[in-house]
Amino acid sequence: MADESSSWRVPSLVQELAATVREPPPRYLVPEQDRRGDQLAGAEMPEPVPTVSLRRLLASDDGAAEEASKLRSALQSWGFFLVTDHGVEASLMDAVMAASREFFREPLEEKQAYSNLVKGRQWQLEGYGNDPVKTQDQILDWSDRLHLRVEPEDERSLELWPGHPERFRGLLHEYTLSCRRVKDGVLRAMARLLDLDDDGGIIEQFGDNKGATYDRFNYYPACPRPDLVLGIRPHSDVCVLTLLLMDDHVAGLQVLRDGAWYRVPPPAPVHGHALLVNVGVSLENSNRFELLEDTPTGDCDVSMQIMSNGIFRGPVHRVVTNSEKERVSLAMFYAADLEKEIEPIAQLVDEKRPARYKKIKCRDFVAAHYEHFSKRETVIESLKIDLGV
Ligand SMILES: O=C(O)CCC(=O)C(=O)O
Ligand SMILES: [Fe+2]
């Protein structure tokens, strides 16, 4: 156990806290300027969430071009979209969500067996718990999570994979395999939008089973004061691409666009079991994408931001809480091989568009992200090359 003087490093699991407190403790309150009025409520999106059919996108007929243009406009406008016709069985998605809910309903001792704190103290990425707490005044998020590396398969820490419910492991394995095909299809379509020969090496680096894939089960207990706390603070995901399986009924995700926060509704029944894909892009120039002058973004699906030399950018997003209902979501993060360096793809670097980011080893990047995240900062700034313009 942590000694008295550093007990702030190991806050309660939010699920336990939510069961006992009537008001969120001060450590969870977002800075006052960010919660004045109803700032955390967010605005309704002025249009439906962009939706792209993966089957049509990958077909070899005229429909594919039409779908690609929808993808392009989704990436340019919001930086995320719902993918339908993705081939992941609806029953599998339901089963994974149900197993996730069941896991979080298990008694504390059962869940603690998979803790992300080594010896009750030292934080590691994988396992059940919260984010690392680096400073005493760090503002905490109203959520718990189970974070597991699912690929490459031979690097799974199976001792951290829940044994209850019993079907959990098998379902997660099956879901991982199904999502892999969706990710490969989406990456291929994005590489095509960039006119990259041989996919610019994107598939080589991230396709099949080569990169590191993490699956994060998020659990947001009901919160007595959704106007004062966040489920997850503003951030962008540290990876190439995220496939997000959202709660069917409870909203919570919000996306930042032009300085305003918009509520992303749960997928409408008409879209069945759509997955949300996070990755963004700036401005178009003929059949390629041209760089926008830097607008503040977060750490994007940052490997992709670096590799695409700033062309693709991930949306900054956050999650709000709900006073009556708990919420679960399941994010599959696709990152580069942790031992590999990520850098702008050679085909996207030329005199007109010199490299904008330094190369960095993926493992160092992930570590730096968590360092900055705890301070509500972003790490991409530190990787920018000063082009003197
Ligand atoms: O719960 C959600 O909808 C989003 C979760 C998220 O942003 C994350 O896990 O990085
Ligand atoms: Fe996220």
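Ligands are counted one by one from 1 in listed order, and the atoms in each one are counted from 1 as well.
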Point to revise | No-hydrogen, no-angle side-chain donor-acceptor test under 3.5 Å, E326 and Y219 | key: yes

Point to revise | Hphob cluster co-occupancy, L160 + Y175, side-chain heavy atoms under 4.5 angstrom | key: yes

Which N or O atoms of ligand 1 sit under 3.5 Å from a protein N or O, and how far apart is each pair?
unit_1	atom_1	unit_2	atom_2	d
ligand 1	1 (O)	Y220	OH	2.6
ligand 1	1 (O)	R327	NH1	2.9
ligand 1	1 (O)	S329	OG	2.7
ligand 1	3 (O)	R327	NH1	3.3
ligand 1	3 (O)	R327	NH2	2.8
ligand 1	7 (O)	H235	NE2	3.2
ligand 1	7 (O)	H317	NE2	3.0
ligand 1	9 (O)	R216	NE	3.4
ligand 1	9 (O)	R216	NH2	3.1
ligand 1	9 (O)	N218	ND2	2.9
ligand 1	10 (O)	H235	NE2	3.1
ligand 1	10 (O)	D237	OD1	3.1

Exercise for review: Say whether Q254 and R263, considering side chains only, have a donor N or O and an acceptor N or O under 3.5 Å apart.
Suggested key: no

Practice item. Classify the side-chain pair S143/D141 by whether it contains a donor and acceptor separated by less than 3.5 Å. Key: no

Exercise for review: Check whether more than 12 heavy atoms from other residues, nucleotides or ligands sit under 6.0 Å from atom CD of Q33, and answer yes or no.
Suggested key: yes

Please table the atom pairs, donor to acceptor, closer than 3.5 Å between any side-chain atom in residues 91-101 and protein atoms at least two apart or in another chain.
unit_1	atom_1	unit_2	atom_2	d
D94	OD1	H273	NE2	2.8
D94	OD2	H273	NE2	3.3
R101	NH2	D247	OD2	3.0

**Study point:** Cluster check V229, V133: I/L/V/M/F/W/Y, side chain < 4.5 angstrom
**Key:** yes

Exercise for review: Only protein N/O/S atoms count here: give how many lie under 2.8 Å from the Fe ion (ligand 2).
Suggested key: 3

Review point. Taking the inter-plane angle between the rings of Y128 and F104 on a 0 to 90° scale, is it parallel (under 30°), tilted (30 to 60°) or perpendicular (over 60°)?
Key: tilted

**Study point:** All salt bridge (Lys or Arg N to Asp or Glu O under 4.0 Å) counterparts of E23, not counting sequence neighbours
**Key:** R225

